Amino acid sequence: MTKTDLLSNLNPPQKKAVETVDGPVLILAGPGSGKTRVITHRIAYLVGVLGVRPHHIMAVTFTNKAAREMSSRLEALAGSAVKDLTLGTFHAICVRILRREGKELGINPGFTIYDGDDQLKLVKAAIKQAGLDPKNYTPGAILSAISAAKSELLTPEELSQRVTGHFDEVVVKVYEIYRSSLARNNALDFDDLLMKTVKGLAANEAILKRYQEKYRHILVDEFQDTNLVQYELVKMLSAKYRNICVVGDPDQSIYSWRSADIRNILNFEKDFPDVTTIYLEQNYRSTRNIIGAAQAVIDSNKARKKKTLWTENEEGARVKLIEAYDQQEEARLVINEISKLTDSHAVKAGDIAVLFRTNAQSRALEEAFVRYGIPYRLAAGTKFYERREIRDILAYLKMIFNPADSVSLLRVINVPARGIGRQTLEELMHFAVSRGVKEAEALSMIPSAEEAELLEYFSLRSLKILKAFAEFVIEVQKMAGEVRTLELFDRLISRIEYKNYIISQPEGEDRWQNVLELRSVAQQYNELAPEEGLAAFLESVSLVADTDSLGEVADSVNLITLHQAKGLEFPVVFIVGMEENVLPHYRSIDDPAQMEEERRLCYVGITRAKTRVYLCRAYRRMLMGNTQVNDPSRFIADIPQELFDEKQEVKQPRTTSAFSNYFRSGNSFGSEASIPIKEKRPAREEPLPLMEMPLLKAGNRVRHAQFGEGIVVSVKPSGTDQEVVVAFDGNDVQIKRLMLSFARLEKIQNS
DNA sequence: AAAGCGTTTATTTTT
DNA sequence: TAAACGCTTT
C-alpha cells in the first residue's frame, strides 16, 4: 500500500495523527471519530511507508476483544506485513515478559495466574490468619483495596505509610499475609502481572534496556482507562526512543472505580512537554441531533478538557423522551417503540440496544421481552470460564502445572467426591502447619513419609484416601511432562471420571458440553511440546474472561449495561432509568467527581447511537425492595428542548390509569419545570397478534420462537389468561413462565 | 451432602 | 424484592 493510499481516506487531524511518528503524541479522540482507524493506519504507515520493522512496534489494548478487532483490521489494511508486532492486552504483554525473563526478574516462571475467585479465597484465609473475623471485614472490600494499592505500585510497607483509619490498618495487615500466600502458592494475581513487570524492569537495567531497544514505537488504546502501573510500564518502555502515542477520550472515562486514573491523560502533557496533541472531533457515527444531545450532556462537566464534536451527517430524528409510570410500563413502552421500529422502519431487532445503569434493571425488561415474545440477548450471565465445571477442570490443570498451587488443589481435592471431607481436610492442614508448608506440598509429602509419623495427624481412613490422591497427583504431574495438552486433558477427565460425575449433576448434559468446548480450546495447543502447551493453554484461559465467540445469537435486541456498551455502536439506542438515583446512581449523588463520571456514562450511552436515541424514565420504581419516586435525571435537563421530538406543552392525557391520574394532578412535576410533560401513548393493551392459541396441558411438547422446544410443566388460569410453565430443552434457558396469550407457543403434535 | 432457616445486603467489571 | 450467605438440622 502506498503512502497516498494510506492517507487519502483520512481527515486532516487523522492524517496528522498518522504521520506524526516522532516523539510523544496524545490523541484525544471523540466517540465515533475513527480512533481504531487512526491506530491501524498509523501502524501500517510505520511499516509500509517508513519501513519500521513490526518487531519494533507495540500496540496495547485493554480487552482481548479490542486486541482482536485491531488485529483483524490491521490485517485487512496491511496484510501479513505486520504480523510479528506485539499486539495485546497489558496483562498478556506482561505475562510474556515475566515468563521469558522471570528468572532474571526474580520470579519463578512456572507461576499460575489467580483470578478473582482464587484471590478472594486467599484474602478470606488471610483475614482469618490475621486473627480477624471475616464477618466484620468484607473480603471483597479488602481485596479491592489491595488491588487499588497494587494499581498504584504500593507494597504493604508503602501502604502502611499512608494509613488513615482503622480499615486501612486492616488492609495493610491482610495485604501482607495475602502477598506471602501468593508467593507460597507460586501464583500471581492480575495486578501482580503488571506490578511485578514494572518493578522487575525497574530493578534490572539490562533487561529494561533490551525492551526499550525493541519497542521503538508504542501505541496505547483507551488511554483514559489506564491505571498508574500501566502508565508507568509504557513510560518506562518508551523512555529511550520516546515514540509513544496514546489515544483516548477523557469524556469516556467510566472506570475510575477500577483504578483507571484520568490524571494519566492530564499528566501526559507534563511528562512529555514536547507532546503533539491532536483532537479528533469529527464524528462519523451519529446524526447531528444525537451529537448535539451528547455534547450538551458532557458540556455540563466542569473538570474537563474541552472538545467539541461535530458531524457532516444528516440532522436525523430527534431524541425521544419516554415517560412511564413504573418500570413495568417503561419496559412495555420500550417494547412498543421497538415493535413500531421493526414493523415500519426496517430496523432489525439486532440493531437495537437497551442500555441500563445497573444489572437489576434488566429484570423488568426481560420479563416484558419474554411476555411479548421479543427476542433479546442479555450480555451478563455467567461467563464461560466462571462455570463450575470449567473451573474444576482448570483447577486440576493448574494444580498439575504448578505443584505449589494449594488454592487449586483444595478446589478439586474432593471433586468428584472421594471421601475427603472437612475432617480429613483439617487433618491435612494440621499436618501442613506442623511441617511449615502449604497444603499442596504437605499432600505431596505423604507417600514418602513414615506411616507411624503420619498417624499422629491422620486417621487410618484419611491417610489411605489422601495417599491415593497424592499418588494420583504425582502421576498426572509426571504425565504432564510426557504427553501433549489434549491427551493430558483426556486422560485426566477419564482418570477422575468427570463425565459421569458432571452428567449426574443438574443441567449435567449442558455442563458436559461445556467441558467438551474447553477440550476444543485445549486442542488448539496440541502442536506444542507437553509442558509448553499446558502453560500456553492455561495462560490463554486465565487472561480471557469469556469465550465471547458464543455471543451472536441471531437478530435479537441487545440488553446491556452502559459500561458494557462502551466501544459498541447501534443504530437505535434506548437508555432506561433516566432518573435521579438511577442515572446518576444514588451512590454518586453527593460526590462531584463521581457525578461527573455518571454524566460521562450518560454521554457514552447517547454516543452509541447512530440514528435514534430514546431516553426513558419511570415515575416510580422498585429499588432494593421499596418503591421510590425519583425526579427525572438531571441529564435530561442538560439537553436543549429543541432536540426533543415533541412540543414542550402539557397535553391532557387520554387514559384514566393511575398513571394518567398522576399526570393530571401534576403533583411532583411542579418542581421540574424544565422537564416537558407529554401526552402518553397508552401501552399496547392488546396482546401482540397470536399465532393461534393452543390448548395446552402438562406433558405437551411445545415450541417457542426463541427458547426452542420444551415440555409443559403446568398450566393454570391467571385472570383472563393462562400461565404456562415450560421446561425448555435448550442450553441455558430451562424453565420459563409464560402468559399463554403473549408467548407464541406452538404445540408439537403426538405428545 | 442437602435442605431449611434467618440474616444481610444490594453500582459499574476486565484482566 | 430477592439473592446470597452462613448456620443448623436431617
Side-chain angles (χ1 to χ4, degrees), chain A residues 60-67 88-95 113-120 124 133-136 138-141 143-144 147 150-151 188-195 197 222 225-227 229-230 253-260 326-328 355-364 367 379-383 385-386 414-423 504-506 539-546 548 560-567 577 581-589 591 594-595 597-598 600-602 604-605 621-628:
Chain A
V60 204
T61 61
F62 255 80
T63 62
N64 292 297
K65 197 176 163 202
T89 64
F90 276 103
H91 297 266
I93 289 173
C94 286
V95 169
I113 300 168
Y114 275 2
D115 63 19
D117 209 67
D118 300 326
Q119 293 180 59
L120 213 52
K124 277 182 193 159
D133 188 349
K135 271 183 221 147
N136 302 331
T138 348
L143 179 57
S144 325
S147 172
K150 288 186 170 188
S151 304
L188 301 186
D189 66 17
F190 286 122
D191 301 308
D192 283 341
L193 298 177
L194 307 171
M195 184 161 118
T197 306
E222 304 281 15
D225 289 340
T226 50
N227 61 28
V229 196
Q230 290 161 337
S253 160
I254 55 176
Y255 284 110
S256 70
W257 51 276
R258 232 167 55 186
S259 305
D326 60 12
Q327 61 220 328
Q328 279 74 27
L355 312 183
F356 37 84
R357 175 68 238 260
T358 63
N359 287 305
Q361 290 171 261
S362 71
R363 172 179 275 267
E367 281 169 1
T382 328
K383 304 268 173 38
Y385 291 111
E386 283 167 16
N414 202 31
V415 178
R418 49 176 70 89
I420 305 179
R422 214 180 62 198
Q423 181 65 36
S504 68
Q505 305 274 312
E539 199 166 294
S540 75
V541 297
S542 300
L543 294 178
V544 170
D546 51 77
D548 48 29
I560 47 179
T561 64
L562 285 158
H563 283 90
Q564 291 169 327
K566 202 182 74 156
N581 298 318
V582 178
L583 180 66
H585 194 268
Y586 70 96
R587 304 274 292 249
S588 305
I589 293 280
D591 178 338
Q594 286 202 64
M595 180 57 77
E597 184 146 319
E598 296 290 311
R600 292 194 289 269
L601 207 42
C602 184
V604 166
R621 130 175 2 246
M622 182 82 94
L623 288 169
M624 285 182 225
N626 53 23
T627 302
Q628 275 189 38

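For clarity, every value in this text was computed on a predicted model and none was experimentally measured.
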Completion exercise
When G421(A) and H563(A) are each assigned the nearest nucleotide of DNA chain B, the 5'-most assignment goes to G421(A)
Handout entry: Pairwise 5' ranking along DNA chain B for R357(A) and S542(A), keeping only the more 5' one
Key =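 Whichever sits nearer the 5' end wins; that is R357(A).
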How many whole angstroms separate atom [atom1] of [X] from atom [atom2] of [N]?
| X | N | atom1 | atom2 | result |
| --- | --- | --- | --- | --- |
| D191(A) | dT15(B) | CG | P | 14 Å |
| D591(A) | dT11(B) | CG | C1' | 14 Å |
| W257(A) | dT11(B) | CH2 | P | 12 Å |
| Q230(A) | dT14(B) | CD | C1' | 10 Å |
| N359(A) | dA10(B) | CG | P | 15 Å |
| Q594(A) | dT12(B) | CD | P | 14 Å |
| E222(A) | dT13(B) | CD | C1' | 14 Å |
| F356(A) | dA10(B) | CZ | C1' | 16 Å |

Exercise for the section: Determine the interatomic distance between P on dT12(B) and the same-named atom on dC5(C); round to the nearest Å. Expected result: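 Nearest-Å result for dT12(B) against dC5(C) at atom P: 15 Å.
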Handout entry: P gap between dT13(B) and dA4(C), integer Å
Key =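 After rounding to an integer number of Å, I get 16 Å for this pair.
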Practice task
Over all heavy atoms of both residues, which pair between R600(A) and S253(A) is shortest? Give the atoms and the distance, please.
Solution key: NE-O, 2.7 Å
Problem - L583(A) side chain reached by Q361(A) side chain, heavy atoms, under 4.5 Å - result: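 Side chain of Q361(A) against side chain of L583(A), heavy atoms only: no contact under 4.5 Å found.
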Exercise for the section: Tell me which nucleotide among dT15(B), dT12(B), dT11(B) gets nearest to the side chain of H585(A). Expected result: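 Given the options dT15(B), dT12(B), dT11(B), the side chain of H585(A) is closest to dT11(B).
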Under the 3.5 angstrom rule, does the side chain of [X] hit a backbone N or O of [Y] as a donor-acceptor pair?
| X | Y | result |
| --- | --- | --- |
| E598(A) | H585(A) | yes |
| N414(A) | R418(A) | yes |
| S147(A) | L143(A) | no |

Practice task
Quick one: list whatever passes salt bridge (charged side-chain N to carboxylate O under 4.0 Å, His left out) with D118(A), sequence neighbours left out.
Solution key: R391(A), K398(A)
Practice task
Confirm from the modelled atom types if R587(A) and dT11(B) form a donor-acceptor pair under 3.5 Å, side chain to base only.
Solution key: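 Counting by modelled atom types and ignoring angles, no donor-acceptor contact under 3.5 Å is found here.
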What does [X] touch in the nucleic acid at a heavy-atom separation under 4.0 angstrom: a base, only the sugar-phosphate, or nothing?
| X | answer |
| --- | --- |
| Y586(A) | sugar-phosphate |
| N227(A) | nothing |
| M622(A) | sugar-phosphate |

Problem - Mutual orientation of the aromatic rings belonging to H563(A) and Y255(A) [parallel < 30°, tilted 30-60°, perpendicular > 60°] - result: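 Judged by the thresholds at 30° and 60°, the geometry between H563(A) and Y255(A) is tilted.
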Handout entry: From CD1 (I113(A)) to NE2 (H91(A)), nearest 0.5 Å
Key = 10.0 Å
Practice task
Report yes or no: is the ring centroid of Y255(A) under 5.5 Å from the six-membered base ring centroid of dT13(B), with the two planes under 30 degrees?
Solution key: no
Short side-chain N/O contact to [N] OP1/OP2 from [X], under 4.0 Å:
| X | N | value |
| --- | --- | --- |
| Q564(A) | dT12(B) | no |
| T358(A) | dA10(B) | no |
| N414(A) | dA1(B) | yes |

Problem - Footprint string (nucleotides 2-10 of chain C, 5' to 3'): B base within contact, S backbone only, - free, heavy atoms under 4.0 Å - result: SS---S---
